Protein chains: 2
Amino acid sequence: MIAVVGQNESSTKVYIEIVKQLRMIIEKDGLKPGDKIPSERELSERLNAGRSSVREALRALELLGLIETRRGEGTFIRDFRGNQLVQLLSTFILQDQKAVRDVIETKYLVEMDCLRLAVLKRDKNDFQRLKAWVNEHNVEDNDFFIRIADLADNHLIYRIWQILVDYYQATNREEFKTNKEDYLELVEFLEQGDIDRVLIKYRRLRNLSYES
Amino acid sequence: MIAVVGQNESSTKVYIEIVKQLRMIIEKDGLKPGDKIPSERELSERLNAGRSSVREALRALELLGLIETRRGEGTFIRDFRGNQLVQLLSTFILQDQKAVRDVIETKYLVEMDCLRLAVLKRDKNDFQRLKAWVNEHNVEDNDFFIRIADLADNHLIYRIWQILVDYYQATNREEFKTNKEDYLELVEFLEQGDIDRVLIKYRRLRNLSYES
DNA sequence: AAGAAAATGTGGTCTGACCACCTAAAGACG
DNA sequence: CGTCTTTAGGTGGTCAGACCACATTTTCTT
């Protein structure tokens, strides 16, 4: 019983390997969001793999929102957003009440973190611009916090927040009414750098007593 | 030019449909983590789809860590952990220094959030147990904060933290030495419910000046 | 009864074949 | 010449069938 010298690459699944290779191709060719990546058939040849294996890799990346496929056109790189992912994960995860509570709680925590970061990293000018924006627009809660998350200058936590928002909306909660004055006041405190007042105001905005 | 009545199911990709069907099968059969799901060939028949389409769905779920496949045995449900996901995403995301800084910053923020939640939700007894554990073991930083995240009683933020730890370790940073006394002191403040001192102590533990 | 061998079931992978769709080149027509 | 139509080629979407590698179960031998 002679040990067979496996030609398979040390048990690493092909589609995982393809994902890595693909990442290298993207880097080497300097491809950016919106650009087209090689076709499935071409990748299949270049990487010495079956087209089905290439597809498994692409489907996985698609589910993660890293690429986008358009039938008849090709496959394109995409800026990471957890679209399909969240939608599918939510049906797997948001099953009990506890999970829903966790989503809400976490969303609030992250939003408060963003407020803290904004105060730390930004100056009066940034907040005055925000104030002007609030005055000029019909403020939606998400739009407002998108700007807060942006001011936090941390792409990762911004992504996390986006995902939480998606989860949050997947729970189909009733919207609560928003007053422009509340947001203005919040920005006012941000401008003053008074993080304590900011958070107090935030809790009031969310109708939180003391929790979280 | 007569409109063709497509037999394709309203443009929804088959593999996405399979994921949903699979979710229903799991629910209907009451399958739990560790249980085996039907084989690829059986799913292919039951769902009237090609095996390759079934595989695309399974690979996507595998990448998300929702299932685990064992060659020669079958496919099994798994408790959600972002294993492969993180590993792959990290190679896509952790490309520049800014991204790395964001990971670290976010990890710290989440850890502080967990500390806040722990103070809010827990009582002296819980922290005394934690104190005993610290005394009895050679405390690793991650193990300590696993317990903190657990005390925060929020599964979602716990998952987020896990992912952040994975990212963090993917950056290959040098470990910093941990003193048992520091953790004890931290728990002491937790027990007293003094969140301000807790956070100050935490920052010192992480060698943070004021940031975050 | 114990061990060895065969049969069975499962995931892993490749190949080839269609289909539906999009785009661009080639042709037809005014 | 310019515009419209037609055509051809490329691309993703899907399926069917065929192997392989591996693990378990069954059957057969000793």
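Below, chain A is the first sequence line, B the second, and so on; all start at residue 1. Everything numeric here is computed off the predicted structure, so don't read it as measured data.
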Without decimals, in angstroms, what is the distance between [X] [atom1] and [N] [atom2]?
X       : N      : atom1 : atom2 : value
B/Glu68 : C/dT10 : CD    : P     : 17 Å
A/Glu73 : C/dA24 : CD    : P     : 9 Å
A/Glu45 : D/dT11 : CD    : P     : 11 Å
B/Leu43 : C/dG11 : CG    : P     : 8 Å
B/Glu42 : C/dT8  : CD    : C1'   : 15 Å
B/Ile37 : C/dG9  : CD1   : P     : 18 Å
A/Tyr15 : C/dC14 : OH    : P     : 14 Å
A/Ile16 : C/dT13 : CD1   : C1'   : 15 Å

- prompt: Using a cut-off of less than 4.0 Å, is there contact between a side-chain N or O of A/Thr75 and OP1 or OP2 of D/dT11?
  reply: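 No, outside the criterion.
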query: Between B/Tyr202 and B/Phe145, is the ring centre distance below 6.0 Å?
result: yes
Pair up each side-chain donor or acceptor in residues 32-39 of chain B with any protein partner under 3.5 Å, not counting sequence neighbours, and list the distances.
unit_1  : atom_1 : unit_2  : atom_2 : d
B/Asp35 : OD2    : B/Lys32 : N      : 2.8
B/Ser39 : OG     : B/Glu42 : N      : 3.2

State plainly whether the residues [X] and [Y] are in salt-bridge range, i.e. N to O under 4.0 Å.
X        : Y        : value
B/Arg59  : B/Glu56  : no
B/Asp141 : B/Arg206 : yes
B/Arg129 : B/Asp126 : yes

- prompt: When you match A/Ile18 and B/Arg41 each to their closest nucleotide on DNA chain C, which lands nearer the 5' end?
  reply: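 That would be B/Arg41.
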task: Using a heavy-atom cut-off of under 4.0 Å over every strand shown, decide if B/Ser44 touches base, sugar-phosphate, or nothing.
output: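 Result for B/Ser44 = nothing.
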message: Let's test your reading of the pairing rules: Watson-Crick or G-U wobble, both distances under 3.5 Å, then write DNA chain D as a dot-bracket string with ( ), [ ], | and dots.
response: ||||||||||||||||||||||||||||||
- request: Report the nucleotide, chosen from D/dG13, D/dT14, D/dA21, that has the shortest atom-to-atom distance to any side-chain atom of A/Glu40.
  value: D/dG13
- request: Look at the side chain of B/Arg71 and decide which nucleotide, out of C/dA20, C/dT13, C/dG12, has an atom nearest to it.
  value: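 Output: C/dG12.
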- line: B/Asn154 meets the side-chain hydrogen bond (donor to acceptor under 3.5 Å, both in side chains) criterion, sequence neighbours left out, with A/Glu105, A/Thr106
B/Asn179 CG: over 12 foreign heavy atoms closer than 6.0 Å: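 It does: B/Asn179 CG has more than 12 such atoms within range.
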query: Which of residues 48-60 of chain A have a heavy atom under 4.0 Å from DNA chain D?
result: A/Arg51, A/Arg55, A/Arg59
task: Could you list the residues that satisfy side-chain contact (heavy atoms from CB on, under 4.5 Å) with A/Gln128, not counting sequence neighbours?
output: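 Partners of A/Gln128 by the side-chain contact (heavy atoms from CB on, under 4.5 Å) criterion, ordered by chain and then number, come out as A/Asn125, A/Glu191.
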- prompt: Residues two or more places apart in sequence or in another chain: which of them pass salt bridge (Lys or Arg N to Asp or Glu O under 4.0 Å) with A/Glu73?
  reply: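 Scan of A/Glu73 (salt bridge (Lys or Arg N to Asp or Glu O under 4.0 Å), adjacent residues dropped) gives A/Arg70.
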